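Since the structure comes first, as structure tokens, the remarks are kept for the end.
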Amino acid sequence: MTNLWKPDLDQGDSPLYMAITDALARDIASGHLPAETRLPTHRELADEMKVAVGTVTRAYAEAEKRGLIYSLGRAGTFVGSARSGGLRLVNAYEQLSDLIDLTRYRLAVSEDPDLLTTFRKLSRRSANQSLLQYTPPGGLRHHRKAGAAWIARLGREVAPHSVVLTAGAQNALNIVLSMIARRGDWVVAESHTYPSLPALAELHGLNLIAVDCDDEGPLPDAFEAICRQKKPRSLFTNPTLNNPTSITVSEARRRQIASIAARHEVLIIEDAVNHALPSDPPPLFCSIAPEITFLIASLSKVLAAGLRVCYMVGPSHTTARLQELVHTSVHIVSPICLEIAAMWISDGTAERTLALRRNECRTRYEIAMEVLGERKLITSCEAYSGWLELPPPWTAKEFVLEAFARGVKLSPAESFAVEKKKAGNAVRICLGGNTSRESLRQGLLIIRDILDKPSQLESPRV
Ligand SMILES: Cc1ncc(COP(=O)(O)O)c(C=O)c1O
């Protein structure tokens with residue numbers, strides 16, 4: 001390790017280990033040692049200072065107790081930060097492994113709200129103990145009010161009493177499917193969709209069918225043909241910045257699809273997990289056709305997945321049944337998490353976090369455009385991922401293997417295809433995830449290199 005940190009001691013009367021800790025504290029406070037800096041090992045510092053290893057061990061233990069540093073075992077000891085513990089882990093793991101992981105569908109944790117500040121705010125309030133209790137059926141009113149505010153933020157005004165609180169989109173989806181679908185029913189989904197949907201469909205004994213899409217979303221004629229032939233009960237759609245294709249269904253297309261659905265008595269399950277990301281999104285299906293749409297508005301992608309908070313609104317006659325199903329599936333959603341979500345929505349944290357995420361998305365989009373140029377990456381400056389259509393002779397699987405061999409992890413189209421035979425040759429590239437901007441650039445450069453040298457395919461693969 002180069003540039004080993006060495007304490008500038010001001011020992012006075014204090015024991016040596018304490019003087020080392022104090023020096024560490026001073027260097028961190030002055031910015032000389034920035035957050036996430038890797039510190040020398042106990043032995044390295046002991047050798048450098050010509051002191052016993054035990055003295056350094058005590059100094060680091062004291063510093064850790066004061067929250068100045070943290071240890072990750074073999075990965076080393078690092079300067080802490082006011083930011084979340086997750087960021088520390090991510091950086092440490094990045095230093096441990098050379099693999100550039102472009103499979104994580106989210107933005108880097110450096111944009112997350114600061115949990116420490118939130119806990120401090122919470123700790124100054126007096127009514128916290130009630131958050132440890134079971135809440136009444138349907139949850140607390142101010143939590144549903146926060147949900148209504150969030151849904152208004154997405155473009156639809158709803159009354160707080162119609163908001164159903166769920167433990168994430170996954171829970172909401174499970175509940176909706178169990179309410180509206182009977183075993184053997186057909187569920188339509190975009191040809192590439194949220195990868196947990198097939199597992200949920202299987203759980204409920206449902207058949208999935210893919211509707212072909214173009215760059216505006218599901219093709220109306222194809223949807224209508226499916227409605228005629230299969231008489232599906234529901235359409236699952238992730239219409240804004242679809243995971244994985246990044247496509248946003250246009251307003252005109254939404255209206256066409258909603259009108260076909262209404263004609264054929266198909267219910268729409270609208271997964272709006274990314275709907276807050278674009279600054280000017282098309283209207284929600286839930287606004288266009290509220291009487292047939294279940295809106296699932298999870299906070300996972302735009303605020304924090306670990307909160308497990310999602311707000312759902314269905315056609316008005318379904319609210320009570322949906323609430324019962326929440327009770328059956330998870331009893332209640334954690335009031336502590338709902339409280340944090342409500343705080344973030346009302347105190348501006350949600351808006352600030354969104355602004356940070358949008359900013360970061362744009363920067364990463366610019367990196368992707370700069371590196372991949374004219375190559376066929378479908379994405380938007382507000383998306384967490386890009387969809388790279390591969391030129392022949394690549395197949396998605398071979399491309400993913402080649403990228404992995406060169407240290408970049410990607411997801412093949414097949415992982416998202418509702419019908420595997422229609423998967424096509426594309427890969428999803430997550431532009432955020434756990435990678436730093438620099439790692440992203442490196443990963444994209446490797447991808448470009450592979451794309452530009454298809455001759456490597458000539459060598460046989462195992
Ligand atoms: C399209 C989509 N919907 C839902 C989810 C899951 O959301 P939640 O964490 O709220 O269950 C994800 C997670 O990646 C997703 O990509």
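A quick note: this is a predicted structure, and the numbers were derived from the prediction, not measured. In each ligand, atom 1 is the first atom listed, and ligand 1 is the first ligand listed.
The protein heavy-atom contact nearest to atom 16 (O) of ligand 1 is N243 ND2, 2.8 Å. Shortest contact from atom 6 (C) of ligand 1 to any protein heavy atom: Y194 OH, 3.2 Å. The nearest heavy-atom contact from the protein to atom 7 (O) of ligand 1 is A169 CB, 3.5 Å.
The existence of a salt bridge linking R321 and E324 is confirmed by a sub-4.0 Å separation between a basic side-chain nitrogen and an acidic carboxylate oxygen. Contact check on R156 versus E270 returns no salt bridge, with no Lys/Arg side-chain nitrogen under 4.0 Å from an Asp/Glu carboxylate oxygen. Salt bridge D112/R106: present, at least one basic N to carboxylate O contact under 4.0 Å.
In the vicinity of S300, heavy-atom distances shorter than 4.0 Å reach the ligand 1 atoms 8 (P), 9 (O), 10 (O). Residue contact check: V273 has heavy atoms under 4.0 Å from atoms 1 (C), 2 (C), 3 (N) of ligand 1. Remark: ligand 1 atoms within the under-4.0 Å shell around heavy atoms of D271 are 1 (C), 2 (C), 3 (N), 4 (C). Every atom of ligand 1 with a heavy atom of K301 under 4.0 Å away is listed here by number and element: 12 (C), 13 (C), 14 (O). Atoms of ligand 1 found under 4.0 Å from any heavy atom of S298, numbered from 1 in the order shown, are 8 (P), 10 (O). Below 4.0 Å from some heavy atom of Q170 lie the following atoms of ligand 1, by number and element: 11 (O). Proximity to R308 (heavy-atom distance under 4.0 Å) selects the following atoms of ligand 1: 8 (P), 9 (O), 10 (O), 11 (O). Atoms of ligand 1 found under 4.0 Å from any heavy atom of Y105, numbered from 1 in the order shown, are 16 (O).
Screening residues 291-306 for side chain to side chain donor-acceptor pair (under 3.5 Å), with sequence neighbours left out, gives S298-S300, S300-R308. Pairs passing the ring-ring contact (aromatic ring centres under 6.0 Å, His included) check and including a residue from residues 215-266, sequence neighbours excluded, do not occur.
Partner of R428 under the side chain to side chain donor-acceptor pair (under 3.5 Å) criterion, chosen from T245, T103, N243: N243.
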Side chain to side chain donor-acceptor pair (under 3.5 Å) evaluation trace for R254 with T240: CA-CA 11 Å; R254 287 176 197 232; T240 305; 2.9 Å; yes
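Ring orientation note: the planes of F78 and Y70 are close to parallel, at an angle under 30° on the 30°/60° scale.
Contacts between R106 and ligand 1, counted as non-hydrogen atom pairs separated by less than 4.0 Å, are absent for every part of the residue.
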